[in-house]
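Data first, discussion second: the structure below is written as structure tokens.
The chain is numbered in sequence order, starting from 1.
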Amino acid sequence: MGLETGYEDLRLGIQPFWFWNGGMETEEILRQIEEMHKQEIQGFIIHPRQGMDVPYLSELFMEKVEIAVQAAGERGMEVWLYDEYPYPSGVTAGQVLLDHPEYQCKKLEMRSCTAEGKERVVLDLPWGQVLSAMAYPSKEGKIEWKKGIGLLEYTGISYSQEIFQFSGLTDYNRKRYFTGGQKKQLQWEAPEGSWQIYVFTEVVMTGFKYFGTYVDTLNPNAVRAYLDTTHERYAKRLGRYFKTVIKGIFTDEITAFPPDRPWSTLLPDLIIKRTGIEILSYLPVLFGISMGDMTDRVLYAYWDTCTEAFTESYDRQVSRWCEDHGLLFIGEKPIMRSSSLRYMHCPGVDAGHQKAGVHPLIAPGKYRANAKFAASARHFYGGRAALCEAFHSIGWGMTLQDMKWTFDWLAVQGIQWFVIHAFYYTSNGLKKYDAPPSAFYQMPWWKDMKELSAYAGYITEPNRTLRRIVPLLLVDPVTSLWTAGKGQDEKKKQFGRLQELFLKYRLDYYVIDPGLLAAGEVCRDEEGVGIRINGERFSAVVLPYLDNLEDACFRKVEEFTEAGGITAAVGSLPEKQIQTLDPGPWMKEWLEMGRGNGFYVREGETLCRCLKERLGGYKLEAADGRGMEDVFSAEYGRADGRRVYFLVNAGPAERWISGNIVDGSLRLAPFGSGIFTADGNGMIRGGMGTEERTVELSLDGEWRLALKRPNVLRLGRWSLRAEGTGQKAPDVEPMPVVDQLEKGKMLIPVALKRQFGCPKELELSEDDYEYQTSFSVDDPSVLTEPVYLAMEPEAVRGSFRIWLNDRPLDEMFETKELWLPNNLAVECGKRLQMGENKLRLVVRCKENFDGLRCPLYLAGAFSVRIKGLGWGIGALKKSVPLKDPEAGGIPFYGGVAEYEKDIIMEGAAAGEPFTLAIRDSWLQDSVELWVNGVCLGTRAWSEYGWRIPGTLSTDGPVTVRLVIAGTLLGLNEGQRFCPKSHRYVNYQGEEEEIQAYEAVIYK
């Protein structure tokens, strides 16, 4: 690839998507960049996102981007442009199709039926271009493919709808009849015998998110139009910042569409030119129907051509544009085969969407979610970094512990750049539900993000600066997936399970494309027979669950094995023919029969044991007798010959590790990790922690509580009444009104939209919707303090009025920072009363996304009581159980809380330093520790340990204060995280779970 110099100093680490999803005010843009800079975020990707109020690519938009670029440059931060609004890439927010409707993406649809002799066939077809209509004779259930009859001339145009309207053109008639709904139709009388009929139609792809339809990404002209309308616009307006501050452009989720069966009007000719196969004669094969001996060859020709056409049309063209403008081509998208990443300067994947506490999906069969694919492509094709887009849809309960845990196992696989999904410019209204969470200033733990920023730089350093020790080449099984039909999913799972076994046995590997392996050089040296790829030697080649091999790859495997190289096939032998060569006889002679160093095994465990025996390498074992399924590692070589090891414990319990590289045993904390350098004897020593005395701090019992923000009562359940129809629903959650009507099982009031000669369309009719809820005031002290009725901007859409205890709340909502800088609030304490309080809201809804869309809140110095579907507020508790927010009266609190307690440090000696550790698995939040008024620092994840100096060590009681920064799960969703079920559950409305919830949470 080009761009050989100038990008060696990329900052990498954490560089997130910055969702531009609001009004994009200049002052707020600058404030947020400064927030990122203070937390040591290295840069950001400007991602125009749904909800943005500034017209995309307009001059105003470009002005905002330039402001952000200048501010980032002043702070030494990197900026990356995102190439679409919102996603996937390729259409310039629809402009490409507006200018060029001829570039619309097409897809294939199949209609089929059977017929007996003299039967009249009537087959409705979609509106599109009929490419093939064939009838094949069938005898005893077997189709005679070579005796087909063409039926194209029996197809024509019809209509599927009848339309009635009162719209007469004269005084004599007011009733009209029309037809609509164009379609194609086949009508044919079958000759004698049994017949199988297949008709294939090329139709415009519709129903695509955001844009309705999409572009033909196999068409280079369509991609060129995309570059002209997006990339060239950026270059014209911001080109002077390219390479200095703006480092590159991120592409996202684009592939050959539709992904399960790509199509283009160009594709038939491309397949003929590339393979000589007339695909229109074999279309049933694309729908999983076998057509005999040619089936696998046709599927291979089809998918190989689709892959190469997309790679050349999109990846190569975009990469060249970026190189011509001094930028890097980066991003993540479906990986059609590993070689399709060869043009990306920073290839990426989309993985890491779990909370800590489960086994990580570290090696899924799905290519796009497998970090090894990105890391391998970066290594083989000269990329600057391997990236991973992570954390979308984990929800508002995500902690820094979750993120650190994910970073660990991604870094083990070779990832150097963590693209956090996402930093939200705003989380107001419905925007908070855009695949949350926001890992930005909205989160209470944001103040400690710099801890994670520093850690990201630490764990990615070996992948950036050291040589990774990798003995194995794992051949991408893509060609066998292409021909597997319904067995494809199982093959992907097998492929993923094999990689997990490689990690278990410390057999590091790169995934290599069959085409790249074919370009390797077989070599012989003091280590034996190897294969060199780009000058780098590898010891063994593994063929995983393959049914076939491309000719050039087969020839290289043949050469390598016959020279004495270690070649292993697992699960199946690649003996089917997909090009000109038949590999079957050789595979049986050399691998099935085990000639030379070639062998075939059925099971992955057997394969790993054989490879470990032949290759050797380092070993890690469980010194504590537990399994090693959650312990991952990577080995690196330093210039001085010493080895470096990155070890990760992805499990929730501490682990003691031994092995042939460990002197004694090594402790890994729960969710712990570390980078260890071997000594001159090749051994690593010590544990993760200190050899000083350790005192464990219990979180049980009562703690004094102080809140840094007002507490909140989340009003998340309402009764709903539609004033126009009088319909009622007793229990709805805040969401757009059309969804509330559906969830409440109410009839949806509709209006008819009429156009002359066209079918009628239904629209939600304009109406007033009344929402009611209630809560109780349980203590008179609440009435003496300010209490605010609060919400986020955009929580209510449509004109509205509010009544509290049947009195109109006419005061204006004003901006007041409560949990966000721009909360809207009005003081309502004087209107509260002891006992039940009623809140009523009437919203005029004109659009189906109007209504009470997000909760309202009470905010103040009170505690919250929850029982079933009811709630109340009382005096703020001064002493609470730290581990039970509900019992503490703060289930919905969304801020930093201080817990204080006087404790005698059992086991500490006066005047001697020691380590204070919290090993309660309940704790996964960020914690700042104070002892006797002295701050001893923040621990954002396990292991929670602080060194207590001798000056603070005493035999008597000390005052311990824990400053805990939680999440917004309770506030935004009304939920808590249940460790046992590893899911979020509601505080309200789930009676069985509420009753089962223990006051002392699980240790």
Side-chain angles (χ1 to χ4, degrees), residues 396 426-433 436 438 442-444 707-719 732-735 771-778 782-783 785-797 800-805 809 811-832 836-841 843 851-866 869-874 876 885-886 888-897 966-976 986-989:
W396 286 102
T426 175
S427 60
N428 289 337
L430 298 180
K431 295 167 185 174
K432 70 170 59 63
Y433 305 121
S438 171
Q442 294 94 348
M443 280 291 197
L707 302 181
K708 307 299 285 187
R709 291 175 177 169
N711 194 19
V712 293
L713 167 61
R714 182 181 186 271
L715 302 173
R717 293 186 178 272
W718 301 71
S719 65
V732 298
E733 299 176 35
M735 62 182 68
Y771 301 86
Q772 290 195 52
T773 192
S774 63
F775 58 91
S776 65
V777 175
D778 301 334
V782 174
L783 306 179
E785 299 289 339
V787 176
Y788 295 91
L789 181 63
M791 61 179 166
E792 300 165 358
E794 306 175 36
V796 180
R797 193 178 191 278
F800 67 91
R801 293 195 67 192
I802 297 180
W803 290 261
L804 178 56
N805 293 326
L809 200 63
E811 294 87 345
M812 294 291 293
F813 280 81
E814 297 181 347
T815 300
K816 181 177 180 60
E817 182 169 355
L818 293 168
W819 61 90
L820 293 173
N822 61 349
N823 285 129
L824 300 175
V826 59
E827 210 285 321
C828 64
K830 294 180 181 179
R831 301 193 183 186
L832 297 178
E836 185 181 34
N837 289 255
K838 296 181 180 180
L839 191 64
R840 182 163 65 98
L841 170 71
V843 185
L852 176 60
R853 311 184 314 164
C854 297
L856 301 186
Y857 300 85
L858 292 180
F862 50 71
S863 67
V864 174
R865 176 182 59 82
I866 300 174
L869 298 181
W871 48 80
I873 56 177
L876 188 63
E886 181 181 352
I890 57 169
F892 305 129
Y893 179 66
V896 176
T967 71
L968 294 182
L969 180 61
L971 188 142
N972 280 346
E973 304 288 4
Q975 295 180 321
R976 56 178 174 80
N986 294 336
Y987 274 115
Q988 296 162 289

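- Considering CZ of R801 and CG of L809, their distance stands at 10.0 Å, rounded to 0.5 Å.
- To the nearest 0.5 angstrom, L430 atom CG is 9.5 Å from R797 atom CZ.
- Contact of the N823 side chain with the T815 side chain is not registered, since no non-hydrogen atoms from C-beta on lie closer than 4.5 Å.
- Among Y788, F775, F892, the one residue that satisfies the side-chain contact (heavy atoms from CB on, under 4.5 Å) test with L858 is F775.
- W396 CH2 to T967 OG1: the interatomic distance, rounded to the nearest 0.5 Å, is 9.5 Å.
- Pairing each heavy atom of Y987 with each of P891, the nearest pair is CE1-O, 3.4 Å.
- With rounding to the nearest 0.5 angstrom, the OG atom of S427 is 8.0 Å from the CG atom of N822.
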message: What verdict does the side chain to side chain contact (heavy atoms under 4.5 Å, CB included) test give for V712 and L818, after you've listed the backbone C-alpha separation in whole Å, the side-chain angles of each residue and the deciding distance to 0.1 Å?
response: CA-CA 9 Å; V712 293; L818 293 168; over 6 Å; no
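- In terms of modelled atom types and a separation under 3.5 Å, the side chain of N711 and the main chain of G889 share a donor-acceptor contact.
- Put simply, the side chain of R865 reaches to within 4.5 Å of the side chain of S776, judged on heavy atoms.
- The distance from atom CE of M443 to atom CG of L969, rounded to the nearest 0.5 Å, is 8.5 Å.
- Remark: side-chain polar atoms of T773 are not paired, donor with acceptor, to backbone N or O of L839 under 3.5 angstrom.
- At least one donor-acceptor pair closer than 3.5 Å links the side chain of Y857 to the backbone N or O of L971.
- Checking side-chain atoms of E814 against main-chain N and O of A825 turns up no donor-acceptor pair under 3.5 Å.
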field: Verdict with supporting geometry, L820 and N428, side chain to side chain contact (heavy atoms under 4.5 Å, CB included)
entry: CA-CA 9 Å; L820 293 173; N428 289 337; 4.1 Å; yes
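- Residues meeting the side-chain hydrogen bond (donor to acceptor under 3.5 Å, both in side chains) test with E973, sequence neighbours left out: none.
- Side-chain atoms of E827 come within 3.5 Å of backbone atoms of G829 as a donor-acceptor pair (strictly under, hydrogens ignored).
- The NZ atom of K830 sits 14.0 Å away from atom CG of L804, with the distance rounded to the nearest 0.5 Å.
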task: Evaluate the criterion side chain to side chain contact (heavy atoms under 4.5 Å, CB included) for residue pair N972 and Q442; output intermediate values, then yes/no.
output: CA-CA 11 Å; N972 280 346; Q442 294 94 348; over 6 Å; no
- prompt: Are Y893 and V864 close enough, and set up right, to give a side chain to side chain contact (heavy atoms under 4.5 Å, CB included), and what steps lead you there?
  reply: CA-CA 9 Å; Y893 179 66; V864 174; over 6 Å; no
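- Across all non-hydrogen atoms, the minimal contact from C854 to P734 is C-CB, 3.4 Å.
- A donor-acceptor pair under 3.5 Å is absent between the side-chain atoms of W871 and the main chain of R714, judged by distance alone.
- Under the side-chain hydrogen bond (donor to acceptor under 3.5 Å, both in side chains) criterion, R709 pairs with no residue at all, not counting sequence neighbours.
- Using a cut-off of 4.0 Å between Lys/Arg side-chain N and Asp/Glu carboxylate O, E792 and K431 are scored as not salt-bridged.
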